[in-house]
Engineer: 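Have a look at the structure that comes next, please.
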Amino acid sequence: MKKPELLVTPTSVTHLGELIDAGADAFVIGEQRYALRLAGEFTREDVKKAIGMAHTAGKKVYVSMNAIFHNELVDELEDYVTFLEEAGADRIVFGDPAVLMAVRAVAPDMPLHWNTEMTVTNWYTCNYWGKRGAVRALAAREISLDEIVEMKENAEVEIEVQVHGMTCIFQSKRTLLGNYFEYQGKELAVENRQENRNMFLHDKERENKYPIYEDENGTHIMSPNDMCMIDELQDLIEAEIDSLKIEGLLQTPEYITAMTNLYREAIDLCAEDPDRYEDSKMELYEKVKALQPVSRELDTGFFFKESVY
C-alpha cells in the first residue's frame, strides 16, 4: 500500500533536525510577513539552512506564502519568490493569486500548493488551480472523510489532509485584540501580542476555550480542540491521500516531535501491516492522549460529521 508523505511544521531550524530524526518526510516553513499561522518564524537565512539540512537528509521543504496580500506587499512577492527558487525550496504554498502571478513571472517551474484554508472543498476547484500551476491542494478542514475520498478520486493534483492539531476557525486582517484593549483604555494595546499566545476566548454556553492571538496578518481564533486521526488512518491511506499533515501551531517543539514519532509508527504500520495497525491503533491513541495538554481535548474534527447542503 502506498505510504503518504508525513508533513510537519517545525518551530525552528534546530527543531527541523529533530523532526528529520523522528521520521518526517517534508516540512512547511515560512516568514510571517508572507505566511499565515506558522509554527515558527523562519528568516531568509533560516530558510536556506532548513532547506540545506532537509535536502541532505532526502527530505523536502515547502515554503508558505499563503497570506492575503494587500497592495503594499504585492511588489515584494517576486523578490521573495526569486529568493526561494535560488535557495532551493521544493515548492511554494499559496492562496492569493498574486503569488501565482509572481511565480509565473520569475520562477515558472516552481511547483505550487493551493491552500485557501476553508474553500478547498471540491475536486473541481482543485483541478482549476491545477491547470494554473498547482500540483497539490490542501483539503479544507471542514469537509468530511467521504468528501475527501471523493476529492482524491477525481482530482488531477495531489491531495494533502491535516490529521492532527488545531485549526483556524476565524481570521480578520484587523487587529481586533489591539482595538479591544484600546477601547478598554488599557496599555496592553502596545504589548507584543504576537508572542503572547496563551490568550483564550471563553464561550460559557458551550464551555469552550478558543486560543486567540494577533500578529502581522491580523487576529486568529483557533479551534477549541485538537484534531487527532492516529487511530483512523485506514481510509485515508487506502484512498492514497498524498500527504498527511501534523499542525504544530501553538504547541511546543517537544510535543510536535513526539507526535511525529507516533504518526510515523502509525503510518508505517497501516501501510505495511494493516492488521497490526488495527491491533495497535488504540494504544497509539492512548500515547497521544497521555501527551496532550490538559486544556486541549482531542476529537476527529469534521471527518465523521454529516454534510449539510
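Source: prediction; values computed, not measured. Scope of the values below: all heavy atoms of this structure, side chains included, with no hydrogens, waters or symmetry mates.
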Engineer: Can you name the side chain to side chain donor-acceptor pair (under 3.5 Å) partners of K3, sequence neighbours left out?
Structural biologist: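 Expected list: D268, E272.
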Engineer: Looking at K245 and E247, is there a salt bridge between them, counting it only when a charged N and a carboxylate O are closer than 4.0 Å?
Structural biologist: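 A salt bridge links E247 with K245.
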Engineer: Holding to salt bridge (charged side-chain N to carboxylate O under 4.0 Å, His left out), I want the full list of residues that pass it with E238, two or more places apart in sequence or in another chain.
Structural biologist: none
Engineer: Is E147 reaching over with its side chain to a backbone N or O of S144, donor-acceptor style, under 3.5 angstrom?
Structural biologist: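 Yes, E147 side chain to S144 backbone: donor-acceptor pair under 3.5 Å.
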Engineer: With distance as the sole criterion, is a donor-acceptor pair present between the side chains of N66 and S64 under 3.5 Å?
Structural biologist: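 Result is yes, a qualifying pair exists.
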Engineer: Is the closest side-chain heavy-atom distance between T119 and T116 below 4.5 Å?
Structural biologist: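 They are in contact (side-chain heavy atoms under 4.5 Å apart), so the answer is yes.
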Engineer: Which pairs, with at least one residue in residues 80-105 and sequence neighbours excluded, count as a salt bridge (Lys or Arg N to Asp or Glu O under 4.0 Å)?
Structural biologist: R91-E158
Engineer: With sequence neighbours left out, what residues match E150 under side chain to side chain contact (heavy atoms under 4.5 Å, CB included)?
Structural biologist: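 W123, N154.
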Engineer: Is any side-chain heavy atom of L38 closer than 4.5 Å to a side-chain heavy atom of T9?
Structural biologist: no
Engineer: Just by distance, with hydrogens left out, do T82 and D79 show a side-chain donor and acceptor under 3.5 Å apart?
Structural biologist: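 Short answer, no.
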Engineer: Looking at every heavy atom in both L233 and A266, which two are closest together, and how far apart are they?
Structural biologist: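 Nearest pair, atom of L233 first, then A266: CD1-CB, 3.7 Å.
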Engineer: Measuring only between side-chain heavy atoms, which start at C-beta, is Y277 closer than 4.5 Å to Q234?
Structural biologist: yes
Engineer: Do any N or O atoms from the side chain of D46 and from the backbone of T43 form a donor-acceptor pair under 3.5 angstrom?
Structural biologist: yes
Engineer: Do I256 and P10 make a side-chain contact, defined as non-hydrogen atoms from C-beta onward lying under 4.5 Å apart?
Structural biologist: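 The answer is no, as the side chains (C-beta and beyond) never meet within the 4.5 Å cut-off.
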Engineer: Shortest non-hydrogen contact from N127 to V157?
Structural biologist: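 For N127 and V157, the tightest heavy-atom pair comes out as OD1-N, 4.1 Å.
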Engineer: Assess whether a salt bridge exists between E142 and K305, defined as any Lys/Arg side-chain N lying under 4.0 Å from an Asp/Glu carboxylate O.
Structural biologist: no
Engineer: How would you list, by chain and number, every residue that makes a side chain to side chain contact (heavy atoms under 4.5 Å, CB included) with K59, sequence neighbours excluded?
Structural biologist: I20, D25, F27, A54, A57
Engineer: Answer yes or no: is there a donor N or O on one side and an acceptor on the other, between the side chain of T300 and the main chain of F303, under 3.5 Å?
Structural biologist: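 The answer is no, because no donor-acceptor pair under 3.5 Å joins these two groups.
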Engineer: Does a side-chain heavy-atom distance below 4.5 Å link L84 with V47?
Structural biologist: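 Result yes, sub-4.5 Å side-chain heavy-atom pair found.
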Engineer: Hey, are the side chains of R141 and Q162 touching, using non-hydrogen atoms and a 4.5 Å cut-off?
Structural biologist: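 Counting from C-beta outward, R141 and Q162 do come under 4.5 Å.
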Engineer: Does any part of the side chain of P293, heavy atoms only, come nearer than 4.5 Å to the side chain of Q251, both counted from C-beta?
Structural biologist: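 Counting from C-beta outward, Q251 and P293 do come under 4.5 Å.
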Engineer: Examine distances only and state if a side-chain atom of Y285 and a backbone atom of I230 form a donor-acceptor pair shorter than 3.5 Å.
Structural biologist: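 Answer holds: no.
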Engineer: Could you give all pairs that pass the ring-ring contact (aromatic ring centres under 6.0 Å, His included) test and reach residues 73-92, with sequence neighbours left out?
Structural biologist: Y34-Y80, Y80-F83
Engineer: Is E160 salt-bridged to R136, going by a charged N under 4.0 Å from an acidic O?
Structural biologist: yes
Engineer: Are V149 and V120 grouped together when hydrophobic residues (ILVMFWY) are joined by side-chain heavy atoms under 4.5 angstrom apart?
Structural biologist: yes
Engineer: Using side chain to side chain contact (heavy atoms under 4.5 Å, CB included) as the criterion, list what pairs up with T14, not counting sequence neighbours.
Structural biologist: S12, E18
Engineer: Please list all pairs meeting salt bridge (Lys or Arg N to Asp or Glu O under 4.0 Å) that have one or both residues in residues 121-134, counting only residues at least two apart or in different chains.
Structural biologist: K131-E156
Engineer: Hydrophobic side-chain clustering at under 4.5 Å (ILVMFWY, transitive links): who's grouped with V28? Put none if nobody.
Structural biologist: L7, Y62, V93
Engineer: Please indicate whether K60 has more than 12 foreign heavy atoms, meaning atoms of other residues, nucleotides or ligands, lying under 6.0 Å from its NZ.
Structural biologist: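 Open: at most 12 neighbouring heavy atoms sit under 6.0 Å from NZ of K60.
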Engineer: Would you mind listing the cluster partners of M101? Hydrophobic ones only (ILVMFWY), side-chain contacts under 4.5 Å, chaining allowed.
Structural biologist: none
Engineer: Filter on salt bridge (Lys or Arg N to Asp or Glu O under 4.0 Å), then keep only pairs touching residues 220-234, sequence neighbours left out; what's left?
Structural biologist: D226-R296
Engineer: Please tell me if the side chains of I267 and P4 come closer than 4.5 Å, counting only heavy atoms from C-beta onward.
Structural biologist: yes
Engineer: List the residues meeting side chain to side chain contact (heavy atoms under 4.5 Å, CB included) with A102, not counting sequence neighbours, and say none if there are none.
Structural biologist: L77, E78, V81
